[in-house]
Amino acid sequence: GYRVSLQGNFFGRNNTYMTFPEYNPRKHIKLDPPMNIQSNATASKCQIWWSVWNVPWYLTEILQYELQYKEYSVSWEVALNKTLPSSLPQVEIEATEFRSGIAYTARVRCKVSENENSYHSQWSEWSQTTVFQRADVPKVSEKILNTKTMQYLFIPLSFGTLLYLFWTCKLSSRYPALTFPRQLLSFTHSIVCTMGILR
């Protein structure tokens with residue numbers, strides 16, 4: 001450990017004041033805030049990543065991060081906080097935590113993990129922010145749905161129409177009263193009905 005003292009000159013006299021009889025720098029660490037925070041949001045997840053600067057290599061593997069995010073238009077006082085379980089400078093969040101069409105902003109801070117006994121630190125300042133927006137969930141076009149519906153309906157309806165015409169012709173051969181104009185009228189009525197359903 002170290003002995004930290006404060007020296008001062010008051011009224012022409014030098015005085016020494018003992019501030020910390022036993023000071024261990026390992027127990028009083030405050031890191032620089034993370035930097036280069038970036039994000040990428042899709043319809044299913046949001047990825048946020050960043051980097052740390054001026055951190056000794058032996059501390060990078062025992063860092064702890066806290067993510068804070070909110071809707072862009074509201075105050076940080078109502079933001080949500082996530083203490084991340086990994087020392088990796090990245091996080092992935094399910095898109096269900098975000099409302100579609102709303103812009104969000106996020107920031108992150110770091111410190112040495114509380115599970116580490118050899119070092120102790122306080123939280124760093126917050127990083128700069130990143131802004132992201134959840135992508136809309138892809139929707140099947142109603143036009144595509146209507147086209148597929150028409151395809152599925154057209155075949156059985158066409159087959160039914162042909163059977164109807166065949167049966168009508170067969171009856172007309174047995175019963176002369178069913179003349180060709182009446183067959184044509186029946187056929188036209190069937191086509192009109194079919195087109196009405198397809199629409």
Side-chain angles (χ1 to χ4, degrees), residues 1 23-157 196-199:
Y23 179 80
N24 189 346
R26 291 186 179 194
K27 303 295 184 179
H28 301 84
I29 299 174
K30 184 174 182 180
L31 301 170
D32 291 327
M35 57 188 301
N36 298 328
I37 183 169
Q38 300 179 61
S39 58
N40 180 47
T42 65
S44 60
K45 61 186 177 182
C46 175
Q47 295 174 312
I48 302 174
W49 64 95
W50 56 90
S51 58
V52 289
W53 179 79
N54 202 25
V55 177
W57 63 268
Y58 49 85
L59 291 182
T60 56
E61 295 183 356
I62 57 174
L63 290 183
Q64 178 180 354
Y65 296 101
E66 183 177 39
L67 177 75
Q68 190 176 58
Y69 62 93
K70 67 179 183 68
E71 292 184 12
Y72 187 82
S73 59
V74 303
S75 169
W76 283 109
E77 295 179 357
V78 297
L80 296 176
N81 289 53
K82 279 182 177 291
T83 299
L84 308 182
S86 172
S87 62
L88 296 176
Q90 62 186 36
V91 63
E92 187 174 291
I93 307 174
E94 293 296 325
T96 53
E97 296 194 26
F98 308 104
R99 292 195 296 164
S100 180
I102 301 296
Y104 287 81
T105 183
R107 60 187 184 180
V108 67
R109 61 181 180 176
C110 64
K111 71 174 183 177
V112 175
S113 173
E114 296 178 352
N115 299 324
E116 182 61 38
N117 296 323
S118 300
Y119 301 91
H120 179 76
S121 73
Q122 57 182 304
W123 285 112
S124 71
E125 299 298 326
W126 289 105
S127 69
Q128 297 295 316
T129 60
T130 181
V131 179
F132 59 91
Q133 182 173 316
R134 173 187 172 184
D136 292 332
V137 178
K139 295 181 179 180
V140 180
S141 171
E142 291 183 2
K143 183 176 182 180
I144 296 177
L145 285 176
N146 291 337
T147 301
K148 288 186 175 295
T149 302
M150 291 177 63
Q151 290 175 351
Y152 290 134
L153 289 177
F154 183 77
I155 295 177
L157 288 174
I197 294 175
L198 291 178
R199 287 182 182 178

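Fair warning: this is a prediction, and the values are worked out from it, not measured in the lab. Numbers for residues simply follow the sequence, beginning at 1.
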Margin query: I need the full list of salt bridge (charged side-chain N to carboxylate O under 4.0 Å, His left out) pairs touching residues 43-63, with sequence neighbours left out, sorted by first then second residue.
Written below: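 Checked against salt bridge (charged side-chain N to carboxylate O under 4.0 Å, His left out) - neighbours excluded - the pairs reaching residues 43-63 are K45-E92.
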
Notebook entry, point to check: What pairs meet the salt bridge (charged side-chain N to carboxylate O under 4.0 Å, His left out) rule with one or both residues in residues 26-40, with sequence neighbours excluded?
Noted result: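 Qualifying pairs: K30-E125.
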
Output the distance between atom [atom1] ([X]) and atom [atom2] ([Y]), rounded to the nearest 0.5 Å.
X	Y	atom1	atom2	value
L59	S121	CG	OG	8.0 Å
L67	C110	CG	SG	13.0 Å
W50	R107	CH2	CZ	14.0 Å
L84	Q64	CG	CD	8.5 Å
W53	S127	CH2	OG	15.0 Å
E94	S44	CD	OG	7.5 Å

Show the nearest heavy-atom pair for residues [X] and [Y], with the distance to one decimal.
X	Y	answer
L31	S124	O-CB, 3.1 Å
A106	I48	CB-CD1, 4.0 Å
E66	W126	O-CZ3, 3.5 Å
Q133	A41	O-CB, 3.4 Å
P34	R109	CD-CA, 3.9 Å
T42	A95	O-CB, 4.0 Å

Check: Under the 3.5 angstrom rule, does the side chain of S113 hit a backbone N or O of I62 as a donor-acceptor pair?
Finding: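 Not a single qualifying donor-acceptor pair exists.
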
Checklist line | Any donor-acceptor pair under 3.5 Å from T105 side chain to Y72 backbone | finding: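 Side chain of T105 to backbone of Y72: no pair is present.
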
Next item on the list: Count the heavy atoms belonging to other residues, nucleotides or ligands that lie under 6.0 Å from CG of N81, then report whether that count exceeds 12.
Entry: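 Yes, because the 6.0 Å sphere around CG of N81 holds more than 12 heavy atoms from other groups.
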
Next item on the list: Answer yes or no: are there more than 12 heavy-atom neighbours, outside Q128 itself, under 6.0 Å from its atom CD?
Entry: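 Counting other residues, nucleotides and ligands, CD of Q128 stays at 12 neighbours or fewer.
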
Note to self: My understanding is that only residues two or more places apart in sequence, or in another chain, count here; which of them pass side chain to side chain donor-acceptor pair (under 3.5 Å) with E71?
What the structure shows: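 Residues passing side chain to side chain donor-acceptor pair (under 3.5 Å) with E71: R99.
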
Next item on the list: Kindly write out the residues that satisfy side chain to side chain donor-acceptor pair (under 3.5 Å) with S39, not counting sequence neighbours, or none if the list is empty.
Entry: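 With neighbours one apart ignored, the set is T130.
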
Checklist line | F98: ring-ring contact (aromatic ring centres under 6.0 Å, His included) partners, not counting sequence neighbours | finding: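 F98 satisfies ring-ring contact (aromatic ring centres under 6.0 Å, His included) with Y69, Y104, F132 only.
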
Next item on the list: Could I get the full list of salt bridge (Lys or Arg N to Asp or Glu O under 4.0 Å) partners for E114, not counting sequence neighbours?
Entry: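 Result, salt bridge (Lys or Arg N to Asp or Glu O under 4.0 Å) vs E114: K111.
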
Check: Tell me, do W49 and N40 make a side-chain contact under 4.5 Å, heavy atoms counted?
Finding: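 Yes, their side chains come closer than 4.5 Å.
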
